[in-house]
Amino acid sequence: MGQPEGLERFDSPGKGRGLKATRPFALGELLFSCPAYTYVLTVNERGNHCEFCFARKEGLSKCGKCKQAFYCNVDCQKGDWPMHKLECSAMCTYGQNWCPSETVRLTARILAKQKTQTERTASERFLSVKDFESHLSKLDNEKLELIQNDIAALHRFYSKNLHYSDNAAQVFLFAQVNCNGFTIEDEELSHLGSAIFPDVALMNHSCCPNVIVTYKGTVAEVRAVQEIHAGDEVFTSYIDLLYPTEDRNDRLIDSYFFNCDCRECSTKQKDPAKLEIRKLSDPPSPQVVRDMIKYARNVVEEFRRAKHYKTPSELLEICELSLEKMGSVFEDSNVYMLHMMYQAMGVCLYMQDWEGALKYGEKIIKPYSKHYPPYSLNVASMWLKLGRLYMGLEKKAIGTKALKKAIAIMDIAHGPDHHYIAEIKKELEL
């Protein structure tokens, strides 16, 4: 099993293991693809996507026993059985009480795969799952307690099909999964599932990434979003790059236990625009600005928690009230305003308030294009959502323009032959 040409694993100064280019790669060029070591479709997408190949189609056939897993055909069902059998009978037994988290489901599949797979897989040409970093020594008591909760769920829902190692080994594996797992998303960045892509996990982080990771079914593809020269390290981004330097590094420390020292984090060049303040005849004092930033961070977290228990109309009210309050100090292009507008747009889409969703999307797109790096999936997905909204509201000319802007980014990020681009081109022909 050979390694992809033009790339090599190396020791990155100050970063540990990394991936380096040994030849140039052009903008949009595929560096490598990585099939998932193992993966799981999120419960909310059951019936919309095949559990095995993640194809999105109507008329999928359901598992005859549990009636909850759906497949393209018998081949997909057979292909998925070694993993689906971990859950099928338990879903029947527990019924509505079957509720392992996606992390638990993914970890169960890793344990099952490791039992039968002794050779390195096509997903592990540079890095094996067993060599994943865990950062176990850096976990605080809260994170360790969450892992113990996951272990309890693993034992509860999977004990019939899995034999467990000792508790310490399970803690170590969950810590590895938390640091190295990926979420698979569709063209609008909706969550489809979780997966392990070992070779992709080897790449280090930068807030100025030179590659982007997209998905074709259950295969990850890594493409250049800048010209890459021989000898350059290959950098992806682990986080959403919309936010200012302090917020990005808080997220990196919390999830991955490091601070970023990329060009953007060193210069903070984009921070003034991302934190833009309204130009008033009586400008707000630095203390008022600091207090509003603190309020904004709190409301972002409050909304994240509220999504689990509040109604859509209550969620929309949180968005509107916070936007009104922040808008007394922040410009509409301020990232905290954009964050809440994006949440409001999502609620409007869920409620099928197309005009409301469009109102927020139109405010978001221009600052998104400014704040995000070129060829950002966040910008592409926003153009795509806007285009589809315009088309649905019979505004074909402006809808066509928006969809073409999405395609221009996706040609680079996804590659011109991706089935998502073919689907959008069909929408343009209607």
Side-chain angles (χ1 to χ4, degrees), residues 27-28 185-190 206-214 223-227 235-245 247-248 262-265 267-279 296 300 319 323 326-327 330-346 348-349 356-391 395 397-416 418 420-421 424 427-428:
L27 179 67
E185 295 168 325
D186 69 8
E187 76 277 29
E188 289 193 4
L189 300 189
S190 296
S206 170
C207 301
C208 313
N210 53 12
V211 299
I212 204 157
V213 182
T214 56
R223 282 188 169 76
V225 288
Q226 299 179 28
E227 283 192 9
F235 287 111
T236 186
S237 173
Y238 295 178
I239 56 170
D240 188 335
L241 296 175
L242 178 65
Y243 303 95
T245 305
D247 295 33
R248 293 196 309 274
C262 73
R263 183 182 71 250
E264 184 52 45
C265 287
T267 64
K268 302 185 180 182
Q269 191 177 343
K270 288 189 172 183
D271 282 5
K274 289 183 175 187
L275 296 170
E276 194 163 359
I277 308 304
R278 283 175 69 89
K279 292 166 182 64
V300 164
C319 295
L323 284 166
M326 291 189 294
F330 296 157
E331 280 287 2
D332 279 358
S333 58
N334 183 296
V335 295
Y336 298 120
M337 296 286 284
L338 295 172
H339 179 98
M340 296 314 293
M341 286 181 203
Y342 183 81
Q343 302 303 327
M345 184 183 183
C348 289
L349 289 170
L358 192 59
K359 176 188 77 173
Y360 286 113
E362 287 175 333
K363 286 185 174 181
I364 290 169
I365 188 60
K366 191 175 176 185
Y368 258 32
S369 303
K370 181 179 175 186
H371 296 326
Y372 278 111
Y375 310 107
S376 160
L377 297 180
N378 301 78
V379 178
S381 72
M382 185 53 64
W383 279 122
L384 187 52
K385 286 175 186 174
L386 282 171
R388 287 172 169 168
L389 283 167
Y390 286 130
M391 292 302 217
K395 299 178 179 180
I398 193 167
T400 298
K401 196 173 174 185
L403 291 178
K404 284 182 176 177
K405 290 202 174 193
I407 289 172
I409 296 170
M410 293 171 73
D411 270 338
I412 300 296
H414 291 78
H418 199 286
Y420 286 153
I421 293 178
I424 299 165
E427 293 170 43
L428 285 168

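Counting begins at 1 with the first residue of the sequence. Fair warning: this is a prediction, and the values are worked out from it, not measured in the lab.
- Looking at Leu349 and Leu389, their side chains come closer than 4.5 Å, going by heavy atoms from C-beta outward.
- Pairs passing the side-chain hydrogen bond (donor to acceptor under 3.5 Å, both in side chains) check and including a residue from residues 402-414, sequence neighbours excluded, do not occur.
- Interatomic distance, OG of Ser333 versus CZ of Arg278, reported as 10.5 Å (0.5 Å rounding).
- Applying the side-chain hydrogen bond (donor to acceptor under 3.5 Å, both in side chains) criterion to Asp240, with sequence neighbours excluded, gives Tyr372.
- The closest side-chain heavy-atom distance from Met391 to Leu428 is below 4.5 Å.
- Looking only at distances, a side-chain donor or acceptor of Glu264 sits under 3.5 Å from a matching main-chain atom of Lys270.
- Here CH2 of Trp383 is found 13.5 Å from CD1 of Ile424. Values are rounded to the nearest 0.5 Å.
- Judged by distance alone, the side chain of Ser190 and the main-chain N or O of Asp186 form no donor-acceptor pair under 3.5 Å.
- With sequence neighbours left out, the ring pair (Phe, Tyr, Trp, His ring centres under 6.0 Å) criterion links Tyr243 to His339.
- Atom CD of residue Glu276 and atom CE of residue Met337 lie 11.5 Å apart, to the nearest 0.5 angstrom.
- At a threshold of 4.5 Å between non-hydrogen side-chain atoms, the residues Thr245 and Lys274 do not count as touching.
- For Arg223 against Ala413, the heavy-atom pair with the smallest separation is CD-O, 3.6 Å.
- Of all heavy-atom pairs spanning Leu241 and Pro209, the tightest one is CD1-CD, 3.8 Å.
- Taking the side chain as every heavy atom from C-beta outward, Glu185 and Leu377 never approach each other to under 4.5 Å.
- To the nearest 0.5 Å, atom CG of residue Asp332 and atom CG of residue Leu338 are 8.0 Å apart.
- The shortest non-hydrogen separation linking Ala273 to His371 is O-CE1, 3.5 Å.
- Residues satisfying the salt bridge (charged side-chain N to carboxylate O under 4.0 Å, His left out) test with Glu427, not counting sequence neighbours, are Arg388.
- For the pair Leu358 and Leu386, the minimum side-chain heavy-atom distance is below 4.5 Å.
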Item to check | side-chain hydrogen bond (donor to acceptor under 3.5 Å, both in side chains) between Asp247 and Tyr336, worked out | outcome: CA-CA 11 Å; Asp247 295 33; Tyr336 298 120; 2.7 Å; yes
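- Considering OG of Ser376 and CG of Leu242, their distance stands at 9.0 Å, rounded to 0.5 Å.
- The nearest pair of heavy atoms linking Pro373 to Cys207 is CG-O, 4.4 Å.
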Atom pairs and distances, side-chain donor-acceptor, residues 360-369, under 3.5 Å, sequence neighbours left out:
| residue | atom | partner | partner atom | Å |
| --- | --- | --- | --- | --- |
| Glu362 | OE2 | Tyr390 | OH | 2.6 |
| Ser369 | OG | Ile365 | O | 2.9 |

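- Residues Phe235 and Val211 form no side-chain contact, since every pair of their non-hydrogen atoms from C-beta on lies 4.5 Å or further apart.
- In this structure, Arg248 CZ and Ser237 OG are separated by 8.5 Å, a value rounded to the nearest 0.5 Å.
- When every heavy atom of Cys348 is checked against every heavy atom of Ala357, the shortest pair comes out as CB-N, 3.5 Å.
- Scored by the ring pair (Phe, Tyr, Trp, His ring centres under 6.0 Å) test, Tyr420 finds His418 as partners (sequence neighbours excluded).
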